[in-house]
Amino acid sequence: MPTSARPDAPDNPDGTPMLVEGFGLDQRLRPPDMTSFLTPEADLFSVWHLGIPDVATDRWSLTAGGAVAQQLTLSLDDLRALPQTEITSVHECAGSPLAPSIPQRRVGNVRWGGVRLSELLRLAGPDDGSAYVISAGLDHGVYDSAYHDHYEKDLPLDKALDGTTLVALTVNGAPLPARRGGPVRLVVPGYYGTNSTKWLTSLTVSDRRSTGAFNTNYYMDPPADASAQATPVWELAPNSFLVAPVDAGVHAGKPVEIWGWAWSHEPVTRVDVSVDGGQTWTPAQVISRTGHAWQKFTLAWTPSSVGEHILACRATTRSGATQPSTPRRNRIHQRVVFVTQE
């Protein structure tokens, strides 16, 4: 696992040091612990590819340029003076780009606050023919044995203009801490977290995709067949996990509630639950989605026998997309529960 930046590279563009160098991961909660609709910021997973920069907020600025009528340069005070909005959304890690088919269950549901990206683009005025917005962060360093002078991602211009994508300054009502991408990060509800560039420093409107490594070498899903092309890891695939019940609380002949959270880039309209390892499925009740938040599902269950029971859940969206049982980042979640005699 890489741990250091290139020796001759500067710390940060403003001369300040990196707080943490190299790839890192901080994950504190597993599915049985995620009982709250809103995930506390301190419990939300953190992932960084190139280290955590120590940003001098008094010298930080955001530029919005490229194929625009007017380039913008904004300070923190400039951003705070613009209309602010809050959006509650699922924040999910796409998993390691070196092992994209392995489910990670790194996810949370938080309330982001900041300026709509569509507002900044309205002020800048994208040129006709523009198709993407490329975002860049202040982080730099070594990932997968190669040095990267910054982290860069792109997203379709239509998504940037849809009114949900934020240039975020707060999480759950508090200023963004450094480990969360503060002072300012991009937040793209409905997209995997890799697209929400942290330590945001520039936005570039373009007629083509970024050629950066995190858009070409990494975070591109392989084609389904030889005739198809690799696709960007953008929209959240349907996913779900079980929160309850847990061991020591399930008894034969006693009713218990099976419940968990489901989400996708579009609303989840159905969640099926299995108590026999996927041999049979029963539809659960699903709460309607609010904004881009995750949705709770519940199912009453009375186990008839003691011993191991393999519980599973499977989310399906309104367009018919569903979780697979084969190795994918959103593979069906299963958990063993031991049923005892009371």
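Contact of the D139 side chain with the W48 side chain is not registered, since no non-hydrogen atoms from C-beta on lie closer than 4.5 Å. Side-chain atoms of L169 and R80, non-hydrogen and from C-beta on, do get closer than 4.5 Å to each other. In this structure the side chain of T340 never reaches within 4.5 angstrom of the side chain of V306, judged on heavy atoms. Looking at heavy atoms from C-beta onward, L203 lies out of side-chain contact with I134 at the 4.5 angstrom threshold. By the 4.5 Å heavy-atom criterion applied to side chains, S135 and E152 are not counted as neighbours. A heavy-atom distance below 4.5 Å is found between the side chains of R180 and L44. A heavy-atom distance below 4.5 Å is not found between the side chains of W261 and V90. Residues W301 and E257 form no side-chain contact, since every pair of their non-hydrogen atoms from C-beta on lies 4.5 Å or further apart.
Atom CE of M34 and atom OG of S36 lie 11.0 Å apart (nearest 0.5 Å). Atom OG1 of residue T63 and atom CG of residue L120 lie 11.0 Å apart, to the nearest 0.5 angstrom. Residue I52 holds its CD1 atom at 7.0 Å from OG of S46, rounded to the nearest 0.5 Å. L50 CG to Y147 OH: the interatomic distance, rounded to the nearest 0.5 Å, is 8.5 Å. Here L117 contributes atom CG and L186 contributes atom CG; the two are 6.0 Å apart, rounded to the nearest 0.5 Å. The line from OG of S61 to CG of L72 is 11.5 Å long, rounded to the nearest 0.5 Å.
Clustering ILVMFWY residues whenever any of their side-chain heavy atoms sit less than 4.5 angstrom apart, transitively, puts V273 in the very cluster that holds V337. Put simply, V187 and L38 are part of the same group of oily side chains (I, L, V, M, F, W, Y) that touch within less than 4.5 Å, one to the next. Cluster annotation: I332 and W263 are assigned to distinct hydrophobic clusters (Ile/Leu/Val/Met/Phe/Trp/Tyr, side-chain heavy-atom contacts under 4.5 Å, transitive). Hydrophobic clustering keeps W259 apart from W281 (ILVMFWY residues linked when any side-chain heavy atoms are closer than 4.5 Å, directly or through intermediates). Residues F297 and L236 fall into different hydrophobic clusters, defined by Ile, Leu, Val, Met, Phe, Trp and Tyr side chains chained together at heavy-atom separations under 4.5 Å.
Heavy atoms of other residues, nucleotides or ligands lying less than 6.0 angstrom from CD of Q285 number 12 at most. Atom CZ of R328 has 12 or fewer neighbouring heavy atoms from other residues, nucleotides or ligands inside a 6.0 Å radius.
Closest approach of R314 to T322, counting heavy atoms only: CG-OG1, 3.5 Å. Taking both residues in full, the closest heavy atoms of H150 and A136 are given as CD2-CB, 3.7 Å, listed atom of the first, atom of the second, then distance. In terms of heavy-atom proximity, N215 sits nearest to S210 at ND2-OG, 3.1 Å. Nearest approach of V268 to A315, heavy atoms of both residues: CG1-CB, 4.0 Å. Nearest heavy-atom pair, Y191 versus P156, reported as atom, atom and distance to 0.1 Å: OH-CD, 3.6 Å. Taking all atoms of both residues into account, the shortest heavy-atom contact from S274 to T280 is OG-O, 2.8 Å.
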Assess whether side-chain contact (heavy atoms from CB on, under 4.5 Å) is satisfied between Q104 and I102, documenting all intermediate values. CA-CA 6 Å; Q104 305 294 325; I102 299 177; 3.8 Å; yes
- Task: Evaluate the side-chain contact (heavy atoms from CB on, under 4.5 Å) criterion for residues S319 and T317: first the C-alpha distance (whole Å), next the side-chain angles of each, then the deciding distance (0.1 Å), finally the verdict.
- Result: CA-CA 5 Å; S319 67; T317 68; 3.2 Å; yes
- Is there a side-chain contact (heavy atoms from CB on, under 4.5 Å) between V271 and T316 once you walk through the steps? CA-CA 6 Å; V271 176; T316 301; over 6 Å; no
Report task. Any chance you could lay out the side-chain contact (heavy atoms from CB on, under 4.5 Å) test for L76 and V184, step after step, and finish with the verdict? Result -> CA-CA 8 Å; L76 271 177; V184 176; 3.5 Å; yes
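Side chain of H333 to main chain of L242: a donor-acceptor pair is present (N/O by atom type, distance under 3.5 Å, no hydrogens or angles). At distances below 3.5 Å, not a single donor-acceptor pair connects side-chain atoms of R335 with backbone N or O atoms of A312. Distance alone, capped at 3.5 Å, is enough to place a donor-acceptor pair between the T165 side chain and the K159 backbone. Counting only distance, with no hydrogens or angles, the side chain of D43 and the backbone of P40 share no donor-acceptor pair below 3.5 Å. No donor-acceptor pair under 3.5 Å is formed between the side chain of K153 and the backbone N or O of G212. Remark: side-chain polar atoms of N330 are paired, donor with acceptor, to backbone N or O of P238 under 3.5 angstrom. Between the side chain of N109 and the main chain of F37, a donor-acceptor pair closer than 3.5 Å is present. A distance-only check finds no donor-acceptor pair linking the side chain of S130 to the backbone of P126 [under 3.5 Å]. A distance-only check finds no donor-acceptor pair linking the side chain of R105 to the backbone of F241 [under 3.5 Å]. Using modelled atom types, no side-chain atom of D207 and backbone atom of Y132 make a donor-acceptor pair closer than 3.5 Å.
Between W234 and H265, the distance from one ring center to the other does not fall under 6.0 angstrom.
Side-chain contact check for S288 and Q295: no donor-acceptor pair (N or O, by modelled atom type) lies under 3.5 Å. R331 and N239 are not linked by any side-chain donor-acceptor pair at a separation below 3.5 angstrom, with hydrogens and angles left out of the test. A donor-acceptor pair shorter than 3.5 Å cannot be found between the side chains of D77 and S75. For T204 and S206, the side-chain atoms include no donor-acceptor pair closer than 3.5 Å.
Remark: E92 does not engage R106 in a salt bridge, criterion side-chain N to carboxylate O under 4.0 Å. Salt-bridge annotation for R111 and E41: absent, with no side-chain N of the basic residue lying under 4.0 Å from a carboxylate O of the acidic one. Salt bridge present: R270 and D272 bring a charged side-chain N and a carboxylate O closer than 4.0 Å. Under 4.0 Å is where a charged nitrogen must lie from a carboxylate oxygen, and between E119 and R122 at least one such pair does.
With sequence neighbours left out, the side chain to side chain donor-acceptor pair (under 3.5 Å) criterion links D221 to R329.
Residue pairs satisfying the ring-ring contact (aromatic ring centres under 6.0 Å, His included) criterion with at least one member in residues 204-226, sequence neighbours excluded, are listed as follows: H49-F214, H49-Y219, Y143-F214, Y143-Y218, H148-F214, Y151-F214, F214-Y218. Within the structure, ring-ring contact (aromatic ring centres under 6.0 Å, His included) pairs that include any residue of residues 68-111 comprise F45-H91, H91-W112 (at least two apart or interchain).
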